[in-house]
Amino acid sequence: MESFVNLFSTGRIKQMEIKNRVFMAPMVRNYADAQGFITPRYTAHIRSIASGGVGAMILEASFVSDEGKGFANELGIHRDECLPGLRDLVEAAHRYGAVIGPQLYHAGRQTASAISGMQPVAPSAIPDPTINEVPRVLEMDEIHRIVEAYAQGAGRAREAGCDFVEIHGAHGYLITQFLSPFSNRREDDYGGTPGKRIRFLEEVYRAVRQAVGNNYPVIVRLSGDEMVPGGLGVEDCIAIAQRLEEWGADALHVSAGNYASYELGYMISPMAIEDGPLVPLAQHIKGRVNIPVITVGKIRHPELAEEILSTGKADFIALGRPFLADPEWPSKAKAGRTEEINRCIACNQGCITRLFAQQDVWCTVNPQTGREEIFATPLPVIKQKVLVAGGGPAGMSAAKVLAERGHQVVLCEELKDLGGQLIAAAIPPYRSGWELLRSYLVGEMARLGIDVRLNTKATADMAQQEGFDSAIVAVGAHPVRLNIPGIQHANVVVGRDVLEGHSQAKGKVVVAGGGCAGAQTAEYLAVLGHEVSIVEMLGEIAQDAPRAERELLLGRLQKMGVKLMNNTKIMSIGENKVSIESPAGLAELPADTVVICLGSAPNDGIADALQKVVSHTVKTGDAVRPRKVTEAIEEGALEALKI
Ligand SMILES: Cc1cc2nc3c(=O)[nH]c(=O)nc-3n(C[C@H](O)[C@H](O)[C@H](O)COP(=O)(O)O)c2cc1C
Ligand code: SF4
């Protein structure tokens with residue numbers, strides 16, 4: 001039975017027919033080579049998404065000239081040498097009936113000389129507040145050269161067989177830098193008034209149009225609201241959108257924000273932001289233009305996508321991270337198999353946090369993302385009987401891959417539920433994404449017919465009796481209790497136990513350890529009405545949280561009056577107080593309960609005992625070294641792949 005009639009109705013932009021209303025949003029992956037050329041890894045990744053039923057694929061921001069490169073292994077469309085790789089991507093998309101096109105872009109000041117090898121350029125010598133590198137002001141002849149570079153990029157796209165191009169006029173990159181008084185203080189023909197600030201975009205648009213011809217679809221991505229003081233507001237963006245329509249742009253793609261407003265959480269929304277936050281913006285702009293509008297941003301559920309389309313809020317839906325989480329999102333939705341969709345949980349751990357660190361993009365919930373070639377290895381000829389000890393993220397990830405590759409899997413979990421640390425992680429406010437992941441993995445265990453044994457600790461005796469060929473030990477980690485005087489007092493409890501309901505906090509609470517987990521536990525307790533202080537030895541609270549997530553969390557904590565004490569050490573714990581030392585000196589805090597969130601250490605587990613009876617025994621995930629869920633899931637899957 002086919003579901004979601006609007007979502008899977010044919011769409012059209014100019015004469016380009018799109019088999020459904022689903023776009024893949026542009027996302028830099030850092031999978032290209034150092035020069036910006038497409039790699040086999042890139043092609044395999046794009047092929048995987050194309051085969052999952054997407055209608056239109058916008059390739060990542062592709063720099064049109066060298067100084068406009070924004071990430072270490074970003075795609076370029078700056079030279080003719082890009083053409084063979086681009087043709088491979090076109091071929092991959094067309095094979096599955098998807099249309100494809102690049103996003104033409106220049107980073108302007110939103111890059112660093114460490115990446116591009118040269119001083120960033122911009123309309124004015126104002127550094128981006130998050131990058132802080134003073135850009136070089138573009139001279140007139142350079143502006144003309146860059147306009148020409150956009151046109152050449154568009155020409156290459158057309159030559160390679162792409163179906164459309166998108167001009168990146170959003171997110172504070174060079175085009176927005178010209179458009180916005182936030183970054184443009186020029187007093188020549190390119191700045192000073194809205195009419196002059198739009199000139200660069202007009203020249204780029206017209207040059208691109210000339211390069212591709214009148215019948216070729218040209219989409220423009222805009223930030224519908226820049227969300228910075230002194231920047232472009234909604235009405236400014238509507239005026240720009242209307243000019244684009246007059247010039248002949250074929251569709252608008254409405255995002256929001258720039259680097260300076262990234263922390264507000266609207267450009268790449270974290271868990272704490274509601275679903276579909278930018279839909280009202282797209283709807284508003286759609287009401288003021290007559291060309292198709294694409295909406296984007298945390299549209300993870302096909303039901304929401306269908307509702308947006310059926311109520312006429314937008315003409316197309318773009319999904320970014322949902323395609324990293326599950327390339328088969330469209331085909332599963334179309335077939336009504338929505339419960340099988342591996343949802344993006346908006347954790348931002350695997351994708352954008354890695355990208356901002358100049359690493360390649362992974363996906364926490366999908367270890368195959370960016371590893372499509374590795375996972376395409378032929379299925380093993382000899383099927384094994386494999387014991388997986390531990391039903392947390394690493395264990396379930398390993399069990400899933402093993403079962404998908406035809407092995408017989410027994411998954412033993414000591415506790416009564418699968419999920420490991422995902423269970424506690426999902427409990428603080430705004431963290432329900434982790435439950436989405438847990439229930440997906442639990443569902444996969446059932447769908448794949450894995451022999452799950454709850455309340456069962458794997459032992460060497462059992463392994464010997466049942467004759468396993470291999471064992472993967474994914475027994476996780478346990479919370480550490482540092483050697484602080486008084487830590488044995490009855491008022492000291494472990495954060496994870498509090499979240500899972502095994503321990504209670506009373507009265508005034510001091511949370512010892514202000515990493516991400518400690519800060520989230522503090523929020524949970526503050527919402528319950530406790531007076532909470534966080535004591536953290538390092539310079540910052542929640543420093544291991546993804547960027548926007550962190551800012552939002554700290555804002556909420558401050559609003560609730562949670563005392564944030566960084567650079568502070570707990571010297572000792574008493575019956576109802578803790579002694580602390582901070583740069584201000586020694587002090588005491590009232591503490592009816594002290595909640596320990598001081599990190600974790602690998603469980604000893606049973607690896608050594610199992611090793612004696614199962615020849616191939618490996619440890620994985622936190623049982624090796626405690627890290628994030630992203631690493632646990634990736635490692636579990638990769639260990640499974642070796643069997
Ligand atoms: C890893 C990553 C890279 C991105 N790169 C781009 C890009 O190249 N160009 C762009 O316009 N937006 C980029 N974005 C933003 C996405 O296109 C999209 O607007 C955003 O992720 C929100 O949609 P989603 O919730 O469906 O992911 C990127 C987002 C992510 C997560
Ligand atoms: S890493 Fe997290 S936010 Fe990024 S795509 Fe995967 S699930 Fe979504």
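Positions are given from 1, in the same order as the sequence printed here. Read the numbers this way: they start at 1 and go in the same order the structure lists the ligands and their atoms.
The pair Glu444-Lys400 meets the salt-bridge criterion, with a side-chain N (NZ, NE, NH1 or NH2) lying under 4.0 Å from an Asp/Glu carboxylate O. Salt-bridge check for Arg431 with Glu523: failed, with every basic side-chain N at 4.0 Å or more from each acidic carboxylate O.
In this structure, His171 has its ring center at least 6.0 angstrom away from the ring center of Tyr259.
A side-chain N or O of Gln349 and one of Thr630 form a donor-acceptor pair less than 3.5 Å apart. Under the 3.5 Å distance criterion, with hydrogens and angles disregarded, no donor-acceptor pair is assigned to the side chains of Ser62 and Glu60.
For the residues Ile299, Leu355, Ile268, the heavy atom positioned nearest atom 21 (O) of ligand 1 is part of Ile268. Between the choices Pro26, Gly276, Pro277, Gly257, the shortest heavy-atom distance to atom 15 (C) of ligand 1 belongs to Pro26. Summarising the contacts of atom 19 (O) of ligand 1 with His171, Arg221, Met27, Arg321, the nearest heavy atom is found in Arg221.
Contact annotation: Pro322 has at least one heavy atom less than 4.0 Å from an atom of ligand 1. At least one heavy atom of Met267 lies less than 4.0 angstrom from ligand 1.
The cationic atom of Arg371 (NZ for Lys, CZ for Arg) lies less than 6.0 Å from the six-membered ring centre of Trp362 and within 45° of the ring axis.
Residue Ala25 has at least one heavy-atom neighbour below 4.0 Å for each of these atoms of ligand 1: 17 (O). Distances below 4.0 Å separate heavy atoms of Gly297 from the following atoms of ligand 1: 22 (C), 23 (O), 25 (O).
Distances under 2.8 Å from atom 2 (Fe) of ligand 2 pick out the protein N/O/S atoms Cys347 SG.
With hydrogens and angles disregarded, a donor-acceptor distance shorter than 3.5 Å links the side chain of Asp622 to the backbone of Arg627.
When every heavy atom of Pro102 is checked against every heavy atom of Phe164, the shortest pair comes out as CD-O, 3.4 Å.
The only member of Ile308, Thr295, Ile13 that meets side-chain contact (heavy atoms from CB on, under 4.5 Å) when paired with Phe316 is Ile13.
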